[in-house]
Amino acid sequence: MSGRTRKVESQLKEIVGEEVAALSDPRIRGLVTVTGVRVSPDLAQATVFYGVLAGADAEEAQAGLASAAGRIQAAVGTQTRLKRTPRLRFEPDPVVEQVARIESALREVRPVDDPHDE
């Protein structure tokens, strides 16, 4: 991966993160965090990875992001110096999901409020 690609990914993560945080959609507001961005080598497409807070509806968050994609895309276009704005695609961050599964498995093996730990 080139230095330019990394720079674009970093810039997109910052812009998209700020835009997501500023959305007033209750399906997203305060529940979704942008965790990373990966752009294609030609910078035509960008996959935005996000995490959803525990207890939040992941499907609702996905629907909210899809609904706001045009607004976020426009913000990226106005705040970057790219010839073409990368087409954004939102996907849940697989690492966040893996961590949640591991934490759940650990809680099953050893409950957090085990009185024998004290």
Side-chain angles (χ1 to χ4, degrees):
M1 179 183 320
S2 73
R4 179 166 191 239
T5 301
R6 278 191 288 273
K7 185 177 179 179
V8 169
E9 288 176 346
S10 176
Q11 185 179 24
L12 291 179
K13 180 181 176 193
E14 182 178 333
I15 293 168
V16 173
E18 289 173 359
E19 289 299 314
V20 167
L23 292 172
S24 61
D25 188 328
R27 299 173 292 184
I28 301 170
R29 187 166 183 89
L31 303 174
V32 174
T33 303
V34 174
T35 59
V37 175
R38 291 292 171 256
V39 296
S40 61
D42 63 357
L43 305 179
Q45 296 194 15
T47 302
V48 178
F49 295 100
Y50 66 90
V52 179
L53 288 179
D57 188 341
E59 290 179 13
E60 286 290 316
Q62 176 71 31
L65 288 169
S67 174
R71 177 180 176 207
I72 297 169
Q73 182 89 31
V76 168
T78 60
Q79 295 181 44
T80 60
R81 291 184 172 196
L82 301 172
K83 288 181 184 177
R84 284 177 271 152
T85 304
R87 178 147 170 80
L88 302 179
R89 185 179 71 186
F90 293 91
E91 290 187 13
D93 191 335
V95 173
V96 173
E97 292 175 4
Q98 290 172 344
V99 168
R101 281 196 299 268
I102 290 169
E103 287 178 347
S104 176
L106 289 173
R107 274 189 236 108
E108 287 178 18
V109 173
R110 181 171 167 235
V112 175
D113 295 321
D114 189 349
H116 299 290
D117 286 343
E118 295 178 15

Heavy-atom closest contact ([X] atom, [Y] atom, distance):
X     : Y     : answer
Ala21 : Arg29 : O-NH1, 3.9 Å
Tyr50 : Ala58 : OH-O, 4.4 Å
Pro92 : Phe49 : O-CD2, 4.0 Å
Val39 : Thr5  : CG2-CG2, 3.3 Å
Val37 : Ala46 : CG1-CB, 4.1 Å
Asp25 : Gly64 : OD2-CA, 3.8 Å

Would you give the length of the straight line joining atom [atom1] of [X] to atom [atom2] of [Y], rounded to the nearest 0.5 angstrom?
X     : Y     : atom1 : atom2 : answer
Ile72 : Thr85 : CD1   : OG1   : 13.5 Å
Leu65 : Arg89 : CG    : CZ    : 13.5 Å
Glu91 : Arg38 : CD    : CZ    : 12.0 Å
Arg87 : Gln73 : CZ    : CD    : 6.5 Å
Lys13 : Thr35 : NZ    : OG1   : 7.0 Å
Gln11 : Leu82 : CD    : CG    : 6.5 Å

- Message: Is there a side chain to side chain contact (heavy atoms under 4.5 Å, CB included) between Glu60 and Leu31? Walk through the geometry before answering.
- Response: CA-CA 10 Å; Glu60 286 290 316; Leu31 303 174; over 6 Å; no
- Message: Hydrophobic cluster membership, with links at side-chain heavy-atom distances under 4.5 Å among I/L/V/M/F/W/Y: are Ile15 and Val20 in one?
- Response: yes
- For Asp93 and Thr33, what are the C-alpha separation, side-chain angles and deciding distance, and is it a side chain to side chain contact (heavy atoms under 4.5 Å, CB included)? CA-CA 10 Å; Asp93 191 335; Thr33 303; over 6 Å; no
- Query: Do Leu12 and Val48 pass the side chain to side chain contact (heavy atoms under 4.5 Å, CB included) test, and can you show the C-alpha distance, the side-chain angles, and the key distance before you say yes or no?
  - Reply: CA-CA 9 Å; Leu12 291 179; Val48 178; over 6 Å; no
